[in-house]
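Data first, discussion second: the structure below is written as structure tokens.
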Amino acid sequence: MALTSTVRFGSQPVSNAKQYRISHWLSQIRLSNFRNYQELAITIDKAPVVLVGKNGTGKTNLMEAISLLSPGRGLRRSGRDEITFKNLGRDSGNDSPASKIWALSANLTTNITDWQIGTGISEEGKQRIIKINQQIESQAMLAHICAVSWLTPQMDGLFLDSPNSRRRFLDRLAIAFDAAHSGRLSRYDKLYRERNRMLADEIRDSAWYQVNETLLAETGVAIMATRHALIEDINRTVRHMQTEFPKFTAELVGGGSELLHKIPAIELEDRIRQSAMQNRESHNTSMMGPHMTDLYVTHSQKNQLANEASTGEQKALLITFILAHAQLQSDRLNKPPLLLLDDVAALLDPWRRDALFEACSALAGQVWYSGSDERSFHSLKSKAQFFYVNDGSIN
């Protein structure tokens, strides 16, 4: 049975809340067979949203659903079959394609127009599809309409994690400004795997390697350029931010990325080709390229690398990064993202928690918070709409 929530906070309806400068918000969400939600429908105002509930009741599941309203695999990077309602078909032994179908839809409201966005598994149960205003569309079209950004507890260790995790984080942010970046990443990965496979099989075909390594160099430099442009914009945005969160300087190191602003792109491509050929001929399979790049973040006030900072400072630096990216999207693209902050407030000091709420109030996209302790959001009581989550239902 679908559940429809009447949105109120305290004793006052949301329509009487302080009016934020929100220009992009979700006004309705509907889920079917999604995680622990068999059926759900909620109506929402433009004010910030707070999801309150015990751990495991479905707060993150709802945020994951919202994250799938943008290109990609969402905040959990789950496979399409992992998302299906977990009790569906278990008792009956139903293993038909229909038992694997999940769907979500939402109304994205802006100051200019409204969009009905949906995604889910096709009726044949074979692939994920996207619909915009009832028409099947591409992920590129979805990116043009809707932006979603997020911060989850799993991201807290970003600066201590592998370089690959930091590259994936950076690339997700970059795709918001350059949709073609995703295609370049896929093409580069395919070419790189082909080269490794040929080397492992000891195939000696210099013409093939020349073509492959030329394409790797050209695609790789394009990837580096997109990343470099994003980092420059993020650094510029952070410098001008008025925030209680620490400022930083970010840079890209390794794989040739540090050379991009020193030499012409075509010269960097030549260096990558020459390096690949020389390494290959000396039986070394490695080569320069964006797969070797790492993201370094330095705390500006302390002149300290993020991975050497305290756990609290690392979290604060990451919040600065996400806020800067959201502001950049709003300023450059006029497309402020829906910002999902999953269980972020609970681990912040009270003064920094209030600073987060204040910083988010200046954003033009709707902000979603979640947590198990309602007291963490006390300062939002008169400013936000509260939803109470309980084992796949919301009221």
Under the ring pair (Phe, Tyr, Trp, His ring centres under 6.0 Å) test, which residues partner His24, sequence neighbours left out?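 Not a single residue meets the ring pair (Phe, Tyr, Trp, His ring centres under 6.0 Å) criterion with His24.
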For Tyr188, give me all partners under ring pair (Phe, Tyr, Trp, His ring centres under 6.0 Å), at least two apart in sequence or on another chain.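 His291.
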Compile the donor-acceptor pairs under 3.5 Å between side chains in residues 70-78 and protein atoms, sequence neighbours left out, one pair per line.
from  : atom 1 : to    : atom 2 : distance (Å)
Ser70 : OG     : Ser67 : O      : 2.9
Arg73 : NE     : Arg77 : O      : 3.4
Arg73 : NH2    : Arg77 : O      : 2.5
Arg76 : NH1    : Asn61 : OD1    : 2.8
Arg76 : NH1    : Glu64 : OE1    : 2.7
Arg76 : NH2    : Asn61 : OD1    : 3.2
Ser78 : OG     : Arg35 : NH2    : 2.8
Ser78 : OG     : Glu64 : OE2    : 3.3

With hydrophobic residues grouped by side-chain heavy-atom distances under 4.5 Å, do [X] and [Y] end up in a single group?
{"X": "Ile263", "Y": "Ile223", "answer": "yes"}
{"X": "Leu338", "Y": "Ile175", "answer": "no"}
{"X": "Leu173", "Y": "Leu333", "answer": "yes"}
{"X": "Ile29", "Y": "Leu340", "answer": "yes"}
{"X": "Ile136", "Y": "Ile101", "answer": "no"}

Would you find more than 12 non-hydrogen atoms of other residues, nucleotides or ligands less than 6.0 Å from [X] atom [atom1]?
{"X": "Glu267", "atom1": "CD", "result": "yes"}
{"X": "Glu281", "atom1": "CD", "result": "yes"}
{"X": "Phe169", "atom1": "CZ", "result": "yes"}

Closest heavy-atom contact between [X] and [Y]?
{"X": "Phe386", "Y": "Leu380", "value": "CE1-O, 3.8 Å"}
{"X": "Leu68", "Y": "Ile83", "value": "CD1-CD1, 3.9 Å"}
{"X": "Ala250", "Y": "Phe321", "value": "CB-CE1, 4.4 Å"}
{"X": "Cys360", "Y": "Leu341", "value": "SG-CD1, 3.8 Å"}
{"X": "Ile322", "Y": "Ser149", "value": "CG2-OG, 4.0 Å"}
{"X": "Met288", "Y": "Arg271", "value": "SD-O, 4.2 Å"}

Residues that [X] engages under side-chain hydrogen bond (donor to acceptor under 3.5 Å, both in side chains), provided they are two or more places apart:
{"X": "Asn133", "answer": "none"}
{"X": "Asn111", "answer": "none"}
{"X": "Arg236", "answer": "Asp233"}

Just by distance, no angles: are the side chains of [X] and [Y] close enough, under 3.5 Å, to form a donor-acceptor pair?
{"X": "Thr110", "Y": "Ser23", "value": "no"}
{"X": "Ser122", "Y": "Gln127", "value": "no"}
{"X": "Ser162", "Y": "Ser165", "value": "yes"}
{"X": "Thr285", "Y": "Arg280", "value": "no"}
{"X": "Ser282", "Y": "Asn284", "value": "no"}

Does Ile44 form a side chain to side chain contact (heavy atoms under 4.5 Å, CB included) with Gln385? I'd like the steps, not just the answer. CA-CA 8 Å; Ile44 312 153; Gln385 50 196 321; 3.4 Å; yes
Do [X] and [Y] have side chains that approach each other closer than 4.5 Å (heavy atoms only, starting at C-beta)?
{"X": "Ile117", "Y": "Ile145", "value": "yes"}
{"X": "Asp178", "Y": "Leu230", "value": "no"}
{"X": "Thr109", "Y": "Lys46", "value": "no"}
{"X": "His181", "Y": "Asp171", "value": "yes"}
{"X": "Leu323", "Y": "Leu363", "value": "yes"}
{"X": "Leu328", "Y": "Ile234", "value": "yes"}
{"X": "Met63", "Y": "Trp150", "value": "no"}
{"X": "Val52", "Y": "Lys59", "value": "no"}

Audit row: Leu69, Leu26, side chain to side chain contact (heavy atoms under 4.5 Å, CB included) steps and yes/no: CA-CA 11 Å; Leu69 297 174; Leu26 297 179; 4.2 Å; yes
Can you label the angle between the Phe357 ring and the Tyr369 ring as parallel, tilted or perpendicular, going by 30° and 60°?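 Perpendicular, since the angle between the ring planes exceeds 60°.
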Other cluster members, Tyr209 - Ile/Leu/Val/Met/Phe/Trp/Tyr, side-chain contacts below 4.5 Å: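 Tyr209 shares its hydrophobic cluster with Met198, Leu199, Ile203, Trp208.
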Got a sec, which hydrophobics cluster with Ile112, joining ILVMFWY side chains under 4.5 Å apart, including via others?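 For Ile112, no cluster forms, as it stays isolated from other hydrophobic side chains.
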Donor-acceptor pair, Ser186 side chain versus Ser182 backbone, under 3.5 Å?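 Answer holds: yes.
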Show the numbers, then the answer: is there a salt bridge (Lys or Arg N to Asp or Glu O under 4.0 Å) between Lys381 and Glu374? CA-CA 9 Å; Lys381 266 296 183 180; Glu374 188 174 357; 2.4 Å; yes
Find the distance between CZ (Arg195) and CZ (Arg193) and round it off to the nearest 0.5 Å.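 Going from the CZ atom of Arg195 to the CZ atom of Arg193 covers 14.5 Å.
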Salt bridge (Lys or Arg N to Asp or Glu O under 4.0 Å) against Lys315, all qualifying residues, sequence neighbours excluded: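 Lys315 satisfies salt bridge (Lys or Arg N to Asp or Glu O under 4.0 Å) with Asp156 only.
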List for me each residue that meets salt bridge (Lys or Arg N to Asp or Glu O under 4.0 Å) alongside Asp294, sequence neighbours excluded, and say none if there are none.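 Salt bridge (Lys or Arg N to Asp or Glu O under 4.0 Å) check on Asp294 returns Arg166.
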Note: Lys131-Glu137 ion pair, threshold 4.0 Å (strictly below):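 Looking at Lys131 and Glu137, the cut-off is not met.
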For the pair Gln366 and Leu339, evaluate side chain to side chain contact (heavy atoms under 4.5 Å, CB included) and give the outcome as yes or no after the intermediate values. CA-CA 6 Å; Gln366 189 180 51; Leu339 184 57; over 6 Å; no
Pairs satisfying salt bridge (charged side-chain N to carboxylate O under 4.0 Å, His left out), at least one member in residues 335-353, at least two apart: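 Qualifying pairs, neighbours excluded: Glu313-Arg352.
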Would Asp201 and Arg197 satisfy salt bridge (Lys or Arg N to Asp or Glu O under 4.0 Å), going step by step from the backbone distance to the final call? CA-CA 6 Å; Asp201 293 340; Arg197 186 167 55 249; 5.5 Å; no
Can the ring centres of Phe34 and Phe85 be said to be less than 6.0 Å apart?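 No.
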Would Phe177 and His325 count as a close aromatic pair, with their ring centres under 6.0 Å?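 Yes - the distance between ring centres of Phe177 and His325 falls below the 6.0 Å cut-off.
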Go through the steps for Asn212 and Glu194 under the test side chain to side chain contact (heavy atoms under 4.5 Å, CB included), then give the verdict. CA-CA 8 Å; Asn212 172 271; Glu194 286 178 353; 4.1 Å; yes
Listing request: all side chain to side chain donor-acceptor pair (under 3.5 Å) pairs with a residue in residues 214-225, at least two apart in sequence or in separate chains.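 Applying side chain to side chain donor-acceptor pair (under 3.5 Å) to every pair that reaches into residues 214-225, excluding sequence neighbours, yields nothing.
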